[in-house]
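What follows is a set of notes on a single structure, which appears directly below.
Note that the coordinates shown come from a computational prediction; the quantities given were computed from them, not determined experimentally. Chain identifiers are assigned alphabetically (A, B, ...) following the order of the sequence lines, protein sequences preceding nucleic acid strands; residue numbering begins at 1 within each chain. Side chains are part of it too, since the values below use all heavy atoms of this structure and drop only hydrogens, waters and symmetry mates.
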Number of protein chains: 2
Amino acid sequence: MTDFNFWSPTYFAFGKGKEAQTGELVKRFGGRKALVHYGGKSAVASGLIERVKASLAASGVEFALLGGVQPNPRSTLVDEGVRIALSEGVDFLLAVGGGSAIDSAKAIAIGAANGGEWRRFYAGREVKVRPAIPAALPVGVVLTIAAAGSEGSTNSVINLEPQNLKRAAGGDILRPRFAVLNPELTASLPPFQTACGLADMFAHLCERYFSPTKDVSLTDNLCEAVMKTVIEESAKVMADPRDYQARANIMWAGTLAHNDICGAGRVQDWASHGIEHELSALYDCAHGAGLAVVMPAWMAYVHKKDDARFARFARNVFGVGRDDSDEAAALAGIAAFRKWLKGIGLPLTFAELGAREEDIPLLVKTLNLSGNTLGGFMPLTDKDVEAIYRLCL
Amino acid sequence: MTDFNFWSPTYFAFGKGKEAQTGELVKRFGGRKALVHYGGKSAVASGLIERVKASLAASGVEFALLGGVQPNPRSTLVDEGVRIALSEGVDFLLAVGGGSAIDSAKAIAIGAANGGEWRRFYAGREVKVRPAIPAALPVGVVLTIAAAGSEGSTNSVINLEPQNLKRAAGGDILRPRFAVLNPELTASLPPFQTACGLADMFAHLCERYFSPTKDVSLTDNLCEAVMKTVIEESAKVMADPRDYQARANIMWAGTLAHNDICGAGRVQDWASHGIEHELSALYDCAHGAGLAVVMPAWMAYVHKKDDARFARFARNVFGVGRDDSDEAAALAGIAAFRKWLKGIGLPLTFAELGAREEDIPLLVKTLNLSGNTLGGFMPLTDKDVEAIYRLCL
């Protein structure tokens, strides 16, 4: 176990109809005028945006609106949000949506608190230490997609235009002040997006689980606990998308997969996320779908570094390989992981994702390691990354 | 899964030497003059109190001192602390010690913020809803015993004199602002106190795990994850009390066992804690030792209510009963639990604890159910409680 600081001050209001408390929560956490930032049709069509507006009004919170967030959220909309926030005197960002709306709101929150500056806090693999964020407006969340975990996390990832570079900012200052988690709001999510969310939260656990740090039995067991839940509940939600209890367990699992309760005190990996971000930046595919392609390929490439860990993953998470050697169990675990991903309808190859072999050199180039390595479990060079992309073919 | 609100805003600074940051943390969380509240000899003899004082001074934080906290912390010392806090103009409570120092500091924090009033916020089983606490000074913690989880919890239990009644207060307002967790500070703890701590954290998980709430796979898996860690690491720490990594896993497990990350969204039990508190109030025994006696007796009395749950506990936590019927597995699990407790040196009976059969009517009387029932898993009457005490003989 390594030394760590852990601070997860987000207030979670979890359950049916909890979005009715949104106005009260914005006020409690200091907001007097909120920018409500959301995606598109479904939040409006379902009446959610109207309910949120009514709740804000009932609490005397003023607000401005900015919809139009897309998956892989774009810098152009962030710029627009910052302009609105500054000109309207907004003091609170309220994201209504999934990871894209939240990450975009976090970027606006940075820009609005730093005289419009936000891009310089977003960096890629070319830097070893991300720039510290001196200030950010408080952010609140009404979550509609269980996936990214941004409702409780320190991170934000934005697609920087016009180059389409996915770059990240991070820091405790980006932890949302509150998050409303009503599993009912996720019940209408189509199966493919539901599956992408499951892959994303599972990946957040893998990025923490595959660690070189020794003597971490508590967080090992916690990672396995949440992984097992995601697998157990995935079968229920794919069979019945309206299964409230499955949606509830999945929603809270998505938050705990990424608020770092499962990662405190251990070196983490994050290579697969880096490798995937280039795919969703270039092809605008769903991040979770990209992870379904990348993660098993990453596993196949790195497992020999620590077959015992991969064997533990196989045995404790997927219940396979109990009587096998560690190496055989490791391979059985990776196969079981692929089978699970395929079973919930996710792609496993470049072709299924819509990615192209001939773009691999470009993907490696835009990842821009600049001589740094990628990942904490097994540090990867450009050459390793290229090999992993080729394992996705 | 039930609806819930979850808020755990405590900042945890975990690792070697982290107590050097105490002054900085008090200042960060708004303290200008702290009352340093601690136990006795060991914190002074080890030099910890001097290090904490130096850290406060280096950050320009003034302080007053109040030592002398005993296990099963006494109301008389709380009263003294409140007097000091009010007369010295203290604006922050800094507990240095284990659960007793923290719970006592929380009580002083209530009294100092409510014109001296704190007792009326402490209640027993005679009330169904605890009185809400309108205000409390902020509390910080330097933890020296991994056990009670009070460093991250909403609770405080005080032994009210002269009647020796253990009564509890609770609310998010009692969550400490920060906790310094340095596992090195627990390395000198004698084996018996170490074992009492292990039993206490295991009990905090059982109180949450044995629930009538259905469809709680995430928190079921989380409870089992932390329980398994406590068992795994207990063997290491009993073999080598100076095993830093075992102490580290245990310390963080103690916090997560009681900050409610394992209990959110489920009805909890807490009958064993109620039944035990009467023992430690009357005999001044260690709370963890009392729990080692009470919990298996409670299990033996209630398991038939839901043998499937007890069978799951047996199989997933202790790895016994896999091929048995649920009822047989339940019994095997309870036996394995007793064996584990005995193996780490804890008492299992009234006689070993120093409790007396003839006091049972008095214990039931001071528990003071007043016609209410006790416990969320299986509501217990006075008669049930008496039967459980008799199973401890």
Side-chain angles (χ1 to χ4, degrees), chain A residues 1-18 21 25 152 172 175 177-179 181-183 213-233 236 243-253 255-256 259 261-262 264-265 316, chain B residues 1-18 21 25 152 172 175 177-179 181-183 213-233 236 243-253 255-256 259 261-262 264-265 316:
Chain A
M1 215 162 154
T2 65
D3 293 354
F4 64 86
N5 299 319
F6 180 77
W7 194 45
S8 171
T10 310
Y11 181 93
F12 296 102
F14 190 104
K16 292 181 181 175
K18 290 268 181 159
Q21 299 175 9
L25 287 165
D172 274 337
R175 299 251 195 200
R177 295 299 202 279
F178 74 81
L181 307 180
N182 175 359
T213 311
K214 301 294 173 203
D215 298 315
V216 284
S217 78
L218 178 54
T219 41
D220 275 348
N221 288 337
L222 290 174
C223 284
E224 290 169 3
V226 187
M227 285 178 186
K228 282 190 291 185
T229 304
V230 173
I231 294 168
E232 283 168 45
E233 301 298 319
K236 296 181 200 167
D243 182 332
Y244 175 84
Q245 293 295 347
R247 291 284 188 188
N249 278 285
I250 289 168
M251 191 170 222
W252 192 222
T255 302
L256 299 189
N259 82 335
I261 198 81
C262 295
N316 292 359
Chain B
M1 214 161 154
T2 65
D3 293 355
F4 63 86
N5 298 322
F6 180 77
W7 193 44
S8 170
T10 310
Y11 181 93
F12 296 102
F14 190 103
K16 291 182 183 174
K18 289 269 181 160
Q21 298 175 9
L25 286 166
D172 275 337
R175 299 252 195 199
R177 295 299 202 280
F178 73 82
L181 307 180
N182 175 0
T213 311
K214 301 294 173 203
D215 298 316
V216 284
S217 78
L218 177 54
T219 40
D220 276 348
N221 288 336
L222 289 174
C223 284
E224 290 169 3
V226 187
M227 286 178 185
K228 283 189 292 185
T229 304
V230 173
I231 295 168
E232 284 169 44
E233 301 298 319
K236 296 180 198 166
D243 182 334
Y244 175 83
Q245 293 295 347
R247 290 283 188 189
N249 277 285
I250 288 167
M251 191 170 223
W252 192 222
T255 302
L256 299 189
N259 82 336
I261 198 81
C262 294
N316 291 358

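Only the side chain of A:Tyr244 comes within contact range of chain B, judged by heavy atoms closer than 4.5 Å. Only the side chain of B:Glu232 comes within contact range of chain A, with heavy atoms under 4.5 Å apart. Of the atoms belonging to A:Val216, it is backbone heavy atoms, and not side-chain ones, that fall under 4.5 Å from chain B. Using a 4.5 Å cut-off between heavy atoms, B:Thr10 contacts chain A through its backbone alone, with no side-chain atom that close.
Interatomic distance, CD1 of B:Ile261 versus OG of A:Ser8, reported as 7.0 Å (0.5 Å rounding). How far NZ of B:Lys228 is from CD of A:Glu224: 6.5 Å, rounded to the nearest 0.5 Å. In this structure, CG in A:Leu218 is found 10.5 Å from CD1 in B:Ile250, a value given to the nearest 0.5 Å. Atom CG of B:Asp3 sits about 8.0 Å away from atom CZ of A:Phe14, to the nearest 0.5 Å.
Between chain B and the residues A:Pro183, A:Ala264, A:Pro9, A:Ala253, the most heavy-atom pairs under 4.5 angstrom are made by A:Pro9. Most heavy-atom pairs under 4.5 Å with chain A, from the set B:Ser217, B:Ala225, B:Gly15: that is B:Ser217. Per-residue heavy-atom pair counts under 4.5 Å with chain B were compared for A:Lys236, A:Arg175, A:Lys16, and the maximum is reached by A:Lys16.
Checking each of A:Thr219, A:Asn221, A:Asp220 against B:Thr229 for a side chain to side chain donor-acceptor pair (under 3.5 Å) leaves exactly one that passes, namely A:Asn221. Here the options are B:Trp252, B:Phe12, B:Tyr11, the test is ring-ring contact (aromatic ring centres under 6.0 Å, His included), and the partner is A:Phe4; only B:Trp252 passes.
Residues A:Leu222 and B:Leu256 are in side-chain contact: their nearest non-hydrogen atoms beyond the backbone lie under 4.5 Å apart.
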